[in-house]
Amino acid sequence: MAVGRGSAVVAIVLVLCLVLPCDMVDAATFTVGGASGWAFNAVGWPKGKRFKAGDVLVFNYSPSAHNVVAVNKAGYNGCTTPRGSKVYQTGKDQIKLVKGANYFLCNFPGHCQSGMKIAVTAT
């Protein structure tokens, strides 16, 4: 009798795994800037890539030289850090994309203006 119940539990778990949406199964991980990491002129890095909500961007950089700030469109366009923006500074930041537009920049003086910013649209 215990064997039958165990098989039923396994079957139910398998069915739930197939039926329920699972963001983590489909999520991809992208290293921003590739082997060069998060650096100047990163602005073109997203070109030709397809992103989905739940994908993870990995920002590798020296925390004494750069940071990553999640900003809104105005912050991105103006290279400014709006009040309440999330600042990342570990040098190995992993940021999950939300559906729609996602904007990131380095707010060290002059870095954003030198192309250290990216805009990513996740479907």
To the nearest 0.5 Å, what is the distance between CD1 on I118 and NZ on K49? 9.5 Å
For the residue pair I95 and V68, establish whether any side-chain heavy-atom pair is separated by less than 4.5 Å. yes
For F59, enumerate each residue passing the ring-ring contact (aromatic ring centres under 6.0 Å, His included) test, keeping only those at least two apart in sequence or located in another chain. W38, F104
Do you know the tightest heavy-atom contact between P46 and A119? CG-O, 3.7 Å
side-chain contact (heavy atoms from CB on, under 4.5 Å) partners of F40, counting only residues at least two apart: H66, H111, S114, M116
Got a sec, which residues hit side-chain hydrogen bond (donor to acceptor under 3.5 Å, both in side chains) with N107, two or more places apart in sequence or on another chain? N67, T81
Main-chain N/O of A28 paired with D55 side-chain donor or acceptor, under 3.5 Å: yes
Residue pair Y88 / A70: nearest heavy atoms and the distance that separates them: CE1-CB, 4.3 Å
According to ring-ring contact (aromatic ring centres under 6.0 Å, His included), who are the partners of F30, at least two apart in sequence or on a separate chain? F51
Within the structure provided, determine whether V56 and L97 are in side-chain contact (heavy-atom separation under 4.5 Å). no
Other members of the hydrophobic cluster containing V98, with the 4.5 Å side-chain heavy-atom rule, please. none
Contacts of S64 that satisfy side-chain hydrogen bond (donor to acceptor under 3.5 Å, both in side chains) - sequence neighbours left out: S62
By side-chain contact (heavy atoms from CB on, under 4.5 Å) - contacts of N60 (at least two apart): T31, V58, K92
Can you name the side-chain contact (heavy atoms from CB on, under 4.5 Å) partners of C112, sequence neighbours left out? C79, L105, K117
Y103: partners by ring-ring contact (aromatic ring centres under 6.0 Å, His included), with sequence neighbours left out: Y76
G54 to A27 - nearest heavy-atom pair and separation: O-CB, 3.4 Å
With sequence neighbours excluded, what pairs up with N72 under the side-chain contact (heavy atoms from CB on, under 4.5 Å) test? A74, P82
Filter on disulfide (SG to SG under 2.5 Å), then keep only pairs touching residues 30-75, sequence neighbours left out; what's left? none
Restricting to pairs with a member in residues 46-76, which pass disulfide (SG to SG under 2.5 Å), not counting sequence neighbours? none
